[in-house]
Amino acid sequence: MLVYPSAIDLSSRTLRHLSGLLAGHRRRIGSRWRRLTCGRQALLVMAHLRCGDTYARLAAGFRIGIATAYRYIREAVDLLAALAPTLEQAMETVRKKAYVILDGTVLPIDRIAADRPYSSGKKKHHGMNVQVLADPAGRLISASDSLPGAVHDLTAARTHGIPAALDADAIKCCADKAYQGAGPAVRVPFRGKNLRGWCRRHNQDHAKIRGLGERAMATLKCWRLLRKLRCSTTRITAIVRAVVALKLAA
């Protein structure tokens with residue numbers, strides 16, 4: 001297999017952060033020798049998450065076995081996932097904001113037509129539903145655990161307890177029509193196609209606010225692994241949380 005040098009559009013600060021986490025983990029477990037240093041393992045993980053490179057390609061590039069690449073990546077992903085903010089921690093950040101933006105996305109996965117629980121009727125493909133909270137500037141605050149793509153956005157938000165947490169702290173939240181009935185804290189646009197007067201102006205202003213929340217979605221989709229997940233669905237939550245932890249640490 002041919003090997004060539006490439007680049008990852010992430011900062012050296014992110015590399016140092018992940019390398020430090022891995023070094024601390026190795027000290028805790030008493031790991032004496034590895035095929036890769038902490039810095040090289042961190043680079044391996046970042047190439048997988050950011051560029052979506054497969055285990056086989058990474059193993060060839062880093063001159064290690066495929067099983068070793070898998071173990072190194074899983075180890076780092078689990079470490080990062082544990083650092084991602086929980087809903088309670090996210091609420092501490094949200095309380096300092098004027099309002100937040102709630103939106104959901106369906107991350108594509110490689111499942112066949114028979115896997116109906118993972119089939120999203122809205123997106124017309126199989127995937128996992130993830131709920132995202134963003135601040136007024138569109139910066140990512142947190143991402144929820146993943147649920148099968150067939151789950152509606154409102155149901156997913158309620159399952160994670162997001163509307164209840166927002167109501168408890170009286171935090172204003174903007175969301176799209178899919179969240180109608182989520183609660184008094186979640187403000188949604190008016191339904192209907194031929195709205196006039198202040199209802200139409202309200203929807204236009206509401207859309208401008210929600211549009212900023214798309215930046216948080218774009219932040220997730222910049223990590224190419226999330227554009228087409230080919231791993232087990234039980235690992236997707238850890239991967240999403242690992243991406244969030246790296247993004248917030250950058």
Trainee: For side-chain contact (heavy atoms from CB on, under 4.5 Å), just list the numbers for Gln180 and Val186, CA-CA rounded to whole Å, side-chain angles, deciding distance to a tenth of an Å, and then say yes or no.
Mentor: CA-CA 8 Å; Gln180 187 109 23; Val186 182; over 6 Å; no

Trainee: Suppose we screen for side-chain hydrogen bond (donor to acceptor under 3.5 Å, both in side chains). Which residues come up paired with Arg227, at least two apart in sequence or across chains?
Mentor: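 With neighbours one apart ignored, the set is empty.
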
Trainee: Side-chain contact test, heavy atoms from C-beta onward, threshold under 4.5 Å: evaluate it for Leu107 versus Lys221 and give yes or no.
Mentor: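 Yes, side chains in contact.
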
Trainee: Where is the tightest heavy-atom contact between Ala143 and Val244, given as atom of each residue plus distance?
Mentor: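 For Ala143 and Val244, the tightest heavy-atom pair comes out as CB-CG2, 3.7 Å.
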
Trainee: I need the minimum non-hydrogen distance between Gly213 and Ala134, along with the two atoms involved.
Mentor: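 Looks like CA-CB, 4.4 Å.
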
Trainee: Determine whether Leu220 and Leu229 fall in the same hydrophobic cluster, where Ile, Leu, Val, Met, Phe, Trp and Tyr are linked whenever their side-chain heavy atoms lie under 4.5 Å apart.
Mentor: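 Yes, because Leu220 and Leu229 connect within a single hydrophobic cluster, where side-chain heavy atoms sit under 4.5 Å apart.
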
Trainee: Return the set of residues passing side chain to side chain contact (heavy atoms under 4.5 Å, CB included) with Asp53 (not counting sequence neighbours), or none when no residue passes.
Mentor: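 Counting only residues at least two positions away or on another chain, Asp53 forms a side chain to side chain contact (heavy atoms under 4.5 Å, CB included) with Ala47, Cys51, Arg57, Leu58.
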
Trainee: Would you give the length of the straight line joining atom CG of Leu147 to atom CD1 of Ile236, rounded to the nearest 0.5 angstrom?
Mentor: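 One gets 11.0 Å once the value is rounded to the nearest 0.5 Å.
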
Trainee: Do Met217 and Leu225 share a hydrophobic cluster (ILVMFWY, side-chain heavy atoms under 4.5 Å, transitive)?
Mentor: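 Yes; Leu225 is reachable from Met217 via cluster members.
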
Trainee: Does any N or O in the side chain of His160 come within less than 3.5 Å of the main-chain N or O of Asp145, such that one atom is a donor and the other an acceptor?
Mentor: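 Checked: pair present.
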
Trainee: Look at the side-chain heavy atoms of Ile, Leu, Val, Met, Phe, Trp and Tyr, link any pair under 4.5 Å apart, and say whether Val132 and Met128 land in one connected group.
Mentor: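 Linked, Val132 and Met128 end up in one cluster.
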
Trainee: If you group Ile, Leu, Val, Met, Phe, Trp and Tyr by side-chain heavy-atom gaps below 4.5 Å, do Ile66 and Leu36 land in one group?
Mentor: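 Yes, same cluster.
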
Trainee: Any pair with a residue in residues 149-175 that passes salt bridge (Lys or Arg N to Asp or Glu O under 4.0 Å), sequence neighbours left out, goes on the list, sorted by first then second residue, please.
Mentor: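 Sorted pair list: Arg95-Asp169.
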
Trainee: Applying side chain to side chain contact (heavy atoms under 4.5 Å, CB included), name anything that partners Ser142, two or more places apart in sequence or on another chain.
Mentor: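 If we apply the side chain to side chain contact (heavy atoms under 4.5 Å, CB included) test to Ser142, skipping adjacent residues, the hits are Pro85, Ala90, Leu133.
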
Trainee: If you define the side chain from C-beta out and look only at heavy atoms, does anything of Met91 sit under 4.5 Å from Ile171?
Mentor: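 Counting from C-beta outward, Met91 and Ile171 do come under 4.5 Å.
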
Trainee: Run the ring-ring contact (aromatic ring centres under 6.0 Å, His included) test against His152 and tell me which residues pass, sequence neighbours left out.
Mentor: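 Once residues adjacent in sequence are excluded, His152 has no partner under the ring-ring contact (aromatic ring centres under 6.0 Å, His included) criterion.
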
Trainee: Quick one: closest heavy-atom pair of Leu87 and Ala165, and the distance?
Mentor: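 Looking at all heavy atoms of both residues, the closest pair is CD2-CB, 4.1 Å.
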
Trainee: Going by the rule side chain to side chain contact (heavy atoms under 4.5 Å, CB included), which residues pair with Arg26 if we only count those two or more places apart in sequence or in a different chain?
Mentor: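 Applying side chain to side chain contact (heavy atoms under 4.5 Å, CB included) to Arg26 gives Ser31, Arg34, Cys38, Gln41.
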
Trainee: Which ILVMFWY residues are connected to Leu2, directly or by a chain of links, through side-chain heavy atoms under 4.5 Å apart?
Mentor: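 Listed partners: none, Leu2 stands alone.
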
Trainee: Parallel, tilted or perpendicular: which describes the rings of Tyr55 and Tyr70, with under 30° parallel and over 60° perpendicular?
Mentor: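 Ring orientation of Tyr55 relative to Tyr70: perpendicular.
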
Trainee: As an exercise, state the distance from OG of Ser232 to CD1 of Ile109, rounded to the nearest 0.5 Å.
Mentor: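 Interatomic distance, Ser232 OG to Ile109 CD1, rounded to 0.5 Å: 9.5 Å.
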
Trainee: Quick one: pull up NE2 in His206 and CG in Asn203 and give me the separation to the nearest 0.5 Å.
Mentor: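 Reported value, rounded in 0.5 Å steps: 8.0 Å.
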
Trainee: So, does Tyr72 use its side chain to make a donor-acceptor pair with the main chain of Arg35 at under 3.5 Å?
Mentor: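 Yes, because the side chain of Tyr72 sits within donor-acceptor range (under 3.5 Å) of the backbone of Arg35.
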
Trainee: Report yes or no: does Gln89 contribute a side-chain atom to a donor-acceptor pair with the main-chain N or O of Thr86 at less than 3.5 Å?
Mentor: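 Between the backbone of Thr86 and the side chain of Gln89 there is a qualifying donor-acceptor contact (under 3.5 Å).
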
Trainee: Can you name the nearest heavy-atom pair linking Ala175 to Pro189, along with the distance?
Mentor: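 Closest approach of Ala175 to Pro189, heavy atoms only: O-CD, 3.3 Å.
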
Trainee: Before you tell me yes or no, could you show the steps for Glu214 and Asp103 under side-chain contact (heavy atoms from CB on, under 4.5 Å), namely the whole-Å CA-CA distance, both residues' side-chain angles and the distance that decides it to 0.1 Å?
Mentor: CA-CA 8 Å; Glu214 294 298 328; Asp103 202 357; 3.3 Å; yes

Trainee: Restricting to salt bridge (Lys or Arg N to Asp or Glu O under 4.0 Å), what partner residues turn up for Arg235, sequence neighbours left out?
Mentor: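 Arg235: salt bridge (Lys or Arg N to Asp or Glu O under 4.0 Å) contacts with Asp78.
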
Trainee: How many angstroms lie between atom CG of Asn129 and atom OG1 of Thr155, to the nearest 0.5 angstrom?
Mentor: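 Answer for the CG-OG1 pair, Asn129 versus Thr155, is 9.0 Å.
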
Trainee: If I take atom CG from residue Leu80 and atom NZ from residue Lys247, how far apart are they, to the nearest 0.5 angstrom?
Mentor: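 Output value for this atom pair is 14.5 Å.
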
Trainee: Can you hop from Leu102 to Leu140 via hydrophobic side chains spaced under 4.5 Å?
Mentor: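 They do not share one cluster, since no chain of ILVMFWY contacts under 4.5 Å joins Leu102 to Leu140.
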
Trainee: Of the non-hydrogen atoms in Pro136 and Lys97, which two are nearest, and what is the gap between them?
Mentor: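 So the two residues come closest at CD-CB, 4.2 Å.
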
Trainee: Do you know which two heavy atoms are closest between Cys174 and Arg210, and how far apart they sit?
Mentor: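 Taking Cys174 first and Arg210 second, the nearest heavy atoms are CB-CG, 4.3 Å.
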
Trainee: Which residue pairs satisfy the salt bridge (Lys or Arg N to Asp or Glu O under 4.0 Å) criterion with at least one member in residues 173-189, sequence neighbours excluded?
Mentor: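 Listed once each, the pairs would be none.
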
Trainee: Are side-chain heavy atoms of Val240 and Ser146 found at a separation under 4.5 Å?
Mentor: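 No. Closest side-chain heavy atoms not under 4.5 Å.
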
Trainee: Please enumerate all residues that pass side chain to side chain contact (heavy atoms under 4.5 Å, CB included) together with Leu43, with sequence neighbours excluded.
Mentor: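 Per chain and number, Leu43 pairs via side chain to side chain contact (heavy atoms under 4.5 Å, CB included) with Ile8, Leu15, Arg40, Phe62.
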
Trainee: Remaining members of Tyr99's ILVMFWY cluster at a side-chain heavy-atom cut-off under 4.5 Å?
Mentor: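 When side chains under 4.5 Å apart are linked, the cluster holding Tyr99 also contains Ile101, Ile209, Leu212.
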
Trainee: Side-chain contact test, heavy atoms from C-beta onward, threshold under 4.5 Å: evaluate it for Leu21 versus Leu83 and give yes or no.
Mentor: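 In short, these two side chains touch, coming nearer than 4.5 Å.
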
Trainee: Got Gln131 and Thr159 here, is their nearest side-chain heavy-atom distance under 4.5 Å?
Mentor: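 Gln131 vs Thr159: side chains apart.
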
Trainee: Output the distance between atom CE (Met46) and atom CG (Leu18), rounded to the nearest 0.5 Å.
Mentor: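 It is 7.0 Å, given to the nearest 0.5 Å.
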
Trainee: Can you list every pair that meets salt bridge (Lys or Arg N to Asp or Glu O under 4.0 Å) and has a residue in residues 2-18, with sequence neighbours left out?
Mentor: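 Qualifying pairs: Asp9-Arg50.
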
